[in-house]
Amino acid sequence: MIQTLRLAAALAAGMVFGLGLSVAQMIDPAKIINFLNVFGQWDPSLAFVMGGGLVVNAILTPLIFKRAHPLWADYFRLPAKTEIDRRIVLGGIIFGIGWGLAGYCPGPMITSLSFADSSIVTIIVAYLIGTWLTKQALARIDRRTTQLARA
C-alpha cells in the first residue's frame with residue numbers, strides 16, 4: 001500500500017511539475033534560447049519563473065524539513081556531496097552549453113515528449129547517448145585513478 005502511495009505521489013508531483021513547465025512555457029525552446037540570448041532578442045520573462053520557484057522553495061523547504069521524515073518514506077534522500085569540484089563545474093558548463101544549443105533541460109525535454117515530435121525524440125536520444133557515454137568515461141577515469149593510487 002505504501003509503495004502505491006509513493007508511486008501515486010511521484011506521479012502527481014511529476015504531473016504538477018510538467019504542468020508548471022508548460023504554463024511557464026519552459027517547454028518552448030525558442031523561449032529558452034531568447035532568455036539565454038542576452039545580446040540579442042533577450043526575453044527576461046523566465047527570470048520571473050525562476051524567481052517564483054526560488055520564493056516557493058525558500059518558503060516551503062524549511063517547513064518540509066521540520067518533519068521527521070517524508071509522508072511516504074522513512075527518511076529524506078539528500079545529496080551527500082557538499083563540495084564544489086572540477087566535475088561539478090565542468091558538468092555545469094556542458095549542461096549550460098547543451099541547454100543553450102537545444103533549448104531544453106531534462107524536465108522540459110521529457111514534458112515535451114507529449115508533442116510526439118521527431119525533433120524532441122532526436123534530442124532525447126542524444127541526451128540518453130550522451131548520458132551513457134559520460135557515465136562510461138567517468139567510470140573509466142575512476143578506475144584509472146584508483147589504479148594509479150594503488151601503484
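Note that the structure is predicted; figures quoted are calculated from it, not measured.
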Going from [atom1] on [X] to [atom2] on [Y], what distance comes out if it is rounded to the nearest 0.5 angstrom?
| X | Y | atom1 | atom2 | answer |
| --- | --- | --- | --- | --- |
| Arg150 | Gln147 | CZ | CD | 7.5 Å |
| Tyr75 | His69 | OH | NE2 | 13.0 Å |
| Ser112 | Ile123 | OG | CD1 | 8.5 Å |

Under 4.5 Å between side-chain heavy atoms, counting indirect links through other Ile/Leu/Val/Met/Phe/Trp/Tyr residues: same cluster for [X] and [Y] or not?
| X | Y | result |
| --- | --- | --- |
| Leu21 | Ile110 | no |
| Leu113 | Met109 | yes |
| Val49 | Phe17 | yes |

Would you tabulate the side-chain donor-acceptor contacts of residues 84-108 under 3.5 Å, counting partners in other chains and residues two or more places apart, or write 'none'?
| from | atom 1 | to | atom 2 | distance (Å) |
| --- | --- | --- | --- | --- |
| Asp85 | OD1 | Arg87 | N | 3.3 |
| Asp85 | OD1 | Ile88 | N | 3.1 |
| Asp85 | OD2 | Lys81 | NZ | 2.6 |
| Arg87 | NH2 | Asp142 | OD1 | 2.6 |

Item checked: Sequence-distant partners of Phe76, ring pair (Phe, Tyr, Trp, His ring centres under 6.0 Å), two or more places apart ->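 In terms of ring pair (Phe, Tyr, Trp, His ring centres under 6.0 Å), with neighbours along the sequence ignored, Phe76 is linked to Phe65.
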Just list the side-chain donor-acceptor pairs under 3.5 Å for residues 22-39, sequence neighbours left out, or say none.
| from | atom 1 | to | atom 2 | distance (Å) |
| --- | --- | --- | --- | --- |
| Ser22 | OG | Gly18 | O | 3.0 |
| Gln25 | OE1 | Lys31 | NZ | 3.2 |
| Asp28 | OD1 | Ala30 | N | 3.1 |
| Lys31 | NZ | Asp43 | OD2 | 3.0 |
| Lys31 | NZ | Ser45 | OG | 2.9 |
| Asn34 | ND2 | Ala30 | O | 3.3 |
| Asn37 | OD1 | Gly40 | N | 3.0 |

Item checked: Check: Thr61 side chain, Ala58 main-chain N or O, donor-acceptor pair, under 3.5 Å -> no
Which atom pairs, donor and acceptor, lie under 3.5 Å between side-chain atoms of residues 130-141 and protein residues at least two apart or in another chain?
| from | atom 1 | to | atom 2 | distance (Å) |
| --- | --- | --- | --- | --- |
| Thr131 | OG1 | Tyr127 | O | 2.8 |
| Thr134 | OG1 | Gly130 | O | 2.7 |

Note to self: Which residues pass the salt bridge (charged side-chain N to carboxylate O under 4.0 Å, His left out) test with Lys66, not counting sequence neighbours?
What the structure shows: none
Check: Who passes salt bridge (charged side-chain N to carboxylate O under 4.0 Å, His left out) against Asp74, sequence neighbours left out?
Finding: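 Checked Asp74 against salt bridge (charged side-chain N to carboxylate O under 4.0 Å, His left out); zero matches.
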Next item on the list: Answer whether the closest heavy-atom distance between the side chains of Thr122 and Val125 falls below 4.5 Å.
Entry: no
Note to self: Are there over 12 heavy-atom neighbours, none belonging to Met50, within less than 6.0 Å of that residue's CE?
What the structure shows: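 Enclosed: over 12 neighbouring heavy atoms sit under 6.0 Å from CE of Met50.
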